[in-house]
Amino acid sequence: MAENETTRTGRLLAFLTAAVLLVLAVWSVSFYLNLWVSDVGPDDWSRAASRIEKDFRPGDIVVISPSWLTFGESEFVRRNLPYRQADHPEIEEFPRAERLWIVAAYGRCDFAAMEERTGSPLVMEKVGAFTVALFGTKGFAKGRYILEDHVPEAEVYVTYPNKKHFCPWKPEKNMHLCDENQDWHSVYTRLHPRRGMLRKSIWAHPVQDGDKTIVYHDVKLGSRLVIGYGMTEWAAALDGGGSVTLSFGTETETLESYTMESEPGWHRVSLDTSKFANEIHDLHVVLTTDNQGRRHIFFEAFVTDE
Amino acid sequence: MNEASENRTFWSRTGLGLVLALAYVATIGLTWDGIGYAKDEGYYFSAARSNFGWYPSLLKNLFEGQPGRSFTRQDIDRHWKNNAEHPPLLKVLMGLSNHLTHEWIPLLNYGSSHRAYSLLFSFLLILFLYRFAAERWGPPVAVGAVALYAVLPHTFFHAHLNAFDTPAVALWLLCLICFRRAMISRRWAWGMGLLWGTAIASRNLMYFLPFLFLILYMASPYRHRFFAFFPAIPQLMKQTPVWKFVLVGACFVLPFPLWLFGVGWLNLGIVISLCVLCGWLSYALLRKGSTVPLHWATALSTLLFAPLLQVLFWPWIWYDTWGRLGGYFKRHLNPPAWETYYLGHMHYNPPPFPWHYPFVMSSYTIPVTILFLFLIGLGVLIWRVKKAESTGIEFEANSLKKTGIFSLRWESGHVLNTEDESRTPVITPRWDTLLVVLGAVTPLLIIANPKTPIYGGTKHFMASMPFLAIGGALVLKQTAAWIVSTIHAPKLAGAAFSLLLAAALLPGVLGIFNTHPQSLSYYNELMGGTNAAEEVGMQRTFWAVSTRGVLDKLNEVAPQRAKVYYNNTPWDSLNAYRQDGLLRKDLRRTDNKDDADFFVLNNWRVHYDWIYEMRDTLGVPYAIDAVTVNGLPLCELYANVKKHPDLAPGTPTVEIWPSQNVKK
C-alpha cells in the first residue's frame with residue numbers, strides 16, 4: 001500500500017517534472033525566436049530615422065526606447081534630428097518638446113501608458129524592428145525656464161562663515177569654477193544616463209565648510225518648479241561623505257529642501273510656486289553638506305505654468 | 001565477467017568519458033576565435049612569461065655551470081614577483097603551454113598558446129565528472145551531467161580563457177574524487193597529498209577543501225576510530241619503536257634551533273624535515289603490506305605534502321618566506337574588490353557585499369531548464385543524504401575492483417585495516433551524495449559570505465556547477481525511469497531520457513549560439529536575456545573581453561601611429577592582440593583622454609558617466625563601431641571628432657547636447 005503510494009507520488013512528480021521541463025524548453029525556444037525577430041539591424045535604424053525625417057517639425061523630439069539602444073544613433077545625428085534615450089518616456093519630463101516621436105524596440109515602451117498620459121498617437125507604425133509612434137505632449141509640462149540652459153549666466157558662489165567666494169564662469173572649461181586647482185569644485189552641465197534615461201543635468205559638488213549657491217537672476221516663476229535630483233552610483237557606492245541638502249528658494253525665502261543620503265538613483269519632485277506665479281524673482285539653489293567626501297550631486301529643474 | 005562485458009564496462013565507465021572530454025576540448029579549441037583577451041588574461045600572459053621564464057633560465061645557467069645564479073634573490077624576484085598575489089603553478093603551466101605550442105613549435109598564436117593549457121583541465125574535468133557519475137549512478141547520469149555542464153554559457157565561456165577559473169573547477173572536482181578514493185586506499189591517500197599540494201599551489205579556493213574533507217571524514221565510519229584513537233594513544237605508544245618517535249620528534253624540533261643562525265637556516269631545516277617526513281610517509285604508504293591505518297593516511301599525507309609542494313613550486317617564498325607567505329594570506333583574507341553593478345547598485349569596498357549575489361546570479365545566468373533541474377536535483381541530493389541507505393540502493397563494490405589507467409587499485413569498498421578487520425562500508429550512497437552536496441554548495445556559500453568580494457561575476461562559484469549537474473542529471477534519469485515504468489515501456493527508457501536531456505540542453509545551446517563570443521554577457525530567459533539585464537541593474541559585461549570586437553574597425557580607420565585610449569583593457573592584452581595580428585602595431589596606447597584619437601570603451605556601469613562626459617566635452621556624436629548582443633552595446637569605439645571630424649560626421653543635436661544649447 002505504502003509502496004504503491006510512493007510509486008504513485010513518484011510517477012506524478014516525474015510527469016510533472018517532465019511537463020515543466022518541456023514547457024520551459026518550448027518557452028525558451030519561443031523566447032529566442034522572438035528575440036531574433038525583434039533584433040534591431042542597421043537598416044532598421046536608417047528606416048526609422050528616414051520615417052521621422054519625413055514628418056519632422058521643429059519642436060519635435062525623438063525618444064529612443066529602451067535607453068541602452070545607442071548604436072544606431074548616428075542615423076539621427078546625420079539627419080539633425082534631436083533625440084535622447086529613455087526606458088520609460090511615459091513617466092519622464094520633456095520640457096522642450098512640442099511633440100514626441102517614440103522609436104521603440106524589443107517591446108520595451110509602454111505605449112498604453114503613453115497614450116493614457118498624452119492621448120492617442122498621431123502616428124503608430126512598424127518600421128523594421130522598430131515601432132515608430134508620434135505623440136502630442138498634452139500631458140507633459142512645458143518648461144518656461146529650464147535651469148540647465150542658463151548655467152553660464154547664473155551666479156555661483158560659496159558662502160563661508162566670514163566671506164563670500166564667487167565662482168566665475170570659465171568658457172574654456174564650460175563651468176563655474178570655484179577653485180582653479182580643483183575641477184570638482186565647480187558647477188556645470190553634463191550628460192549622464194540615470195534611471196533609464198540619458199539626462200543633461202547640473203553637476204554641483206557641495207563643500208562642507210560653506211554653502212554652494214547658484215543664483216538665477218530675474219526668473220519669471222510659474223505655478224510649479226519640476227525638479228529632478230540624485231547622486232552618482234559611484235559616489236553612493238564609495239560612500240565616505242555626509243548627506244547632502246539641496247534647497248530651492250527665492251531671494252527672500254527657502255521654499256523647500258531635499259536631502260540625499262548615500263543612495264544612487266533619481267528623484268523627481270514638483271515644488272508648488274503658485275504664490276509667486278508670474279512674479280520675477282531670483283531663484284536660489286543651495287547645496288550643503290557636513291562631509292564633502294565624494295558627494296557628486298546632479299539636479300535639473302524647470303519652471304512651468306502647468 | 002567475460003571479455004565482452006569487461007570491454008563494455010571500460011567503455012561505459014571510461015571510454016565514453018574520454019570521447020566526451022575530447023569532444024568538449026575540441027569544441028572549446030575550435031571556438032577560441034573571436035573571444036577577446038580578458039583583463040586578467042593580459043596580466044597572466046605577462047606573469048606566465050615571467051614565472052615560467054625562470055625554468056629555461058635555470059637550465060641555461062646549469063649548462064653554463066652556474067646554477068646558483070638562478071637561486072639568488074635577485075633572479076628569483078625578477079621572475080616571481082610578477083603576480084605574486086596568486087599561487088604559481090597555473091601560471092607556470094600557461095608559460096609552458098605558450099612555449100610548447102608557440103615559442104618552440106609554432107602551432108598556435110600567442111594568445112591561444114597560453115589558453116591551450118586550460119584545455120588540459122577541461123579534459124580532466126569532463127573525464128572525471130563522467131567517471132565519477134558513471135561509477136556511482138551509471139552512464140546515463142554521467143552523460144547527462146557532462147552535457148548539462150557543457151552547455152552552461154558562462155562555464156563554456158570561461159573554458160576558453162587563459163585564467164585560473166576552469167582549472168579551479170577541475171581541481172575542486174579532482175580533489176574531492178581523489179579524497180573519496182583516499183578514504184579506502186593508501187595509494188590514493190598518498191596521491192591525495194600530492195594532489196592537494198598541487199591544488200593549493202594553483203588556486204586559493206583549494207584551501208577550503210580540508211573543511212569538506214573533515215565533514216566527509218566525520219560522516220564516515222572513521223569518526224568512531226577517530227574518537228577511539230585518543231584513549232588508545234598509551235597502548236599505541238607502547239607498541240611503537242622508540243626510533244620512530246626520535247625521528248619524528250627530531251623533524252619537528254630540530255629546525256627551530258637553526259633559527260639562531262638566521263631565518264634562512266630555519267626555512268632550510270623545515271624543508272629538510274618535510275622532505276624526510278614525506279619520504280618516510282611515501283615509503284610507509286606505498287610499500288607492500290603497509291600497516292598505516294587508513295583513517296590516518298589522508299590526513300598525514302595532505303598535512304605533510306601540501307606545504308612541501310607549495311614551497312617547491314613557488315620560488316617566490318624561498319626568500320623572506322614568512323613575510324611573503326604572510327602577505328599572500330593577508331591579501332586573501334582581506335581581498336581587494338573591484339566595482340560591480342548588481343541589482344541597480346554599485347558594489348565596492350568596503351564589505352559587506354550582498355550575500356545573495358551567487359544565488360541571484362546563478363538564477364539569472366543558468367539556462368532556465370537547467371536551473372530547474374539544478375534546483376530539483378539539489379533538493380533530491382539533500383533528501384538522499386538523509387534517505388539514501390534506507391532506499392535500498394547498494395554500493396556497487398564489485399565494479400570498483402577493476403584496475404587500469406584511470407582506475408588505480410581499489411582495495412575494496414570496505415575498510416581494510418590491520419587494527420580492525422570489521423568490514424563497515426565507508427563509501428556509501430549516502431556518503432557519495434553528501435560529497436556531491438558539499439561540492440555543490442560550498443563554492444556558493446564562500447561567495448555568499450558578505451566579506452567575500454563579488455566582482456568576479458559567476459567565475460568564483462563555478463566550481464559548484466559539475467556537482468549541480470550531477471543532481472540535474474539524476475533528476476532526468478529518475479524522471480525518465482518513472483515515465484517508462486508508468487507506460488510499461490522499459491525499452492523506451494533510453495529514448496525518454498534522451499528526449500528530456502535534449503529539452504534540458506536546448507536553452508543552453510541557444511543561449512551560447514545567441515551570445516558567443518560574448519557569452520560572459522549571457523543572462524537567461526528569466527532575466528529576459530542579455531539586454532534586459534541592463535534595465536534590471538546588472539553588469540553588461542566583465543573583464544574587457546569585448547575589446548576584440550572593435551579592433552577590426554579601429555585597424556581600418558585609424559591613421560598611422562594614432563593614439564588610442566582604452567578604459568579597461570590592460571597593456572598585456574593589447575600586446576597579445578598586437579602579437580596575433582589583431583591590432584596594428586603602429587597604434588599607440590595613451591592614458592591621456594584629451595590627447596586620444598580614438599576611444600575603446602567597455603560598457604562597465606562604473607564608466608558610463610565618464611563615457612558621456614567624454615562625448616559631451618569632445619562633442620563626439622556617436623560610436624563608430626560597437627560590439628552588441630541583441631542591440632546592447634558591450635564595447636564601443638569612438639573617434640575624437642576634434643581630430644577626425646570625417647569619421648563621425650554630424651552635429652550633435654540640441655536635446656542631448658547641453659553645451660550646444662546654452663546661451664553664452
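First the proteins, then the strands, lettered A, B, ... as listed; each starts at 1.
Taking the six-membered ring for Trp and the full ring otherwise, the centers of B/Trp482 and A/Phe15 sit at least 6.0 Å from each other. Between B/Tyr348 and A/Trp234, a ring centre-to-centre spacing shorter than 6.0 Å is recorded. For A/Trp36 and B/Phe513, the ring centers are positioned less than 6.0 Å apart.
Of the listed residues (B/Leu632, B/Asn531, B/Ile483), the one with the most heavy-atom contacts under 4.5 Å to chain A is B/Asn531. Top candidate by heavy-atom pairs under 4.5 Å with chain A, chosen from B/Ala502, B/Ala496, B/Ser485, is B/Ser485. Taking chain A as the reference chain and counting heavy-atom pairs below 4.5 Å, the highest number among B/Gly511, B/Gly344, B/Ala504 is found for B/Gly511. Residue with the most contacts toward chain A among B/Ile624, B/Leu506, B/Leu476, B/Leu500: B/Leu500 (heavy-atom pairs, distance under 4.5 Å). Between chain A and the residues B/Asp625, B/Thr628, B/Asn603, the largest count of heavy-atom pairs under 4.5 Å involves B/Asp625. The greatest number of non-hydrogen atom pairs below 4.5 Å with chain A, out of B/Glu535, B/His347, B/Arg605, is found for B/Glu535.
Using a 4.5 Å cut-off between heavy atoms, A/Pro193 contacts chain B through both its backbone and its side chain. Contact annotation for B/Leu373: only side-chain heavy atoms (C-beta onward) come within less than 4.5 Å of a heavy atom of chain A. Of the two parts of B/Val606, only the side chain, counted from C-beta on, holds a non-hydrogen atom closer than 4.5 Å to a non-hydrogen atom of chain A. Contact annotation for A/Arg108: only side-chain heavy atoms (C-beta onward) come within less than 4.5 Å of a heavy atom of chain B. Neither the backbone nor the side chain of B/Leu501 has a heavy atom closer than 4.5 Å to any heavy atom of chain A. For chain A, the nearby parts of B/Glu525 are the backbone and the side chain; heavy atoms of each come within less than 4.5 Å. Using a 4.5 Å cut-off between heavy atoms, A/Ala236 makes no contact with chain B at all. Of the atoms belonging to A/Val40, not a single heavy atom falls under 4.5 Å from chain B. Proximity to chain A (any heavy atom under 4.5 Å) is shown, for B/Ala648, by neither the backbone nor the side chain.
Remark: of the listed residues A/Gln85, A/His192, A/Glu92, A/Glu92 is the sole one forming a side-chain hydrogen bond (donor to acceptor under 3.5 Å, both in side chains) with A/Arg199. For the side-chain hydrogen bond (donor to acceptor under 3.5 Å, both in side chains) with A/Thr137, the qualifying choice from A/Lys142, A/Arg99, A/Glu98 is A/Lys142, the only one to do so.
Between A/Thr189 and A/Glu148, the closest side-chain pair of non-hydrogen atoms falls below 4.5 Å.
In this structure, A/Phe298 CZ and A/Met260 CE are separated by 8.5 Å, a value rounded to the nearest 0.5 Å.
At least one donor-acceptor pair closer than 3.5 Å links the side chain of A/Arg190 to the backbone N or O of B/Asp609.
Classified by interplanar angle (parallel below 30°, tilted 30° to 60°, perpendicular above 60°), the ring pair A/Tyr83/A/Phe76 is tilted.
By the 6.0 Å and 45° rule, A/Arg194 does not stack over the aromatic ring of A/Trp266.
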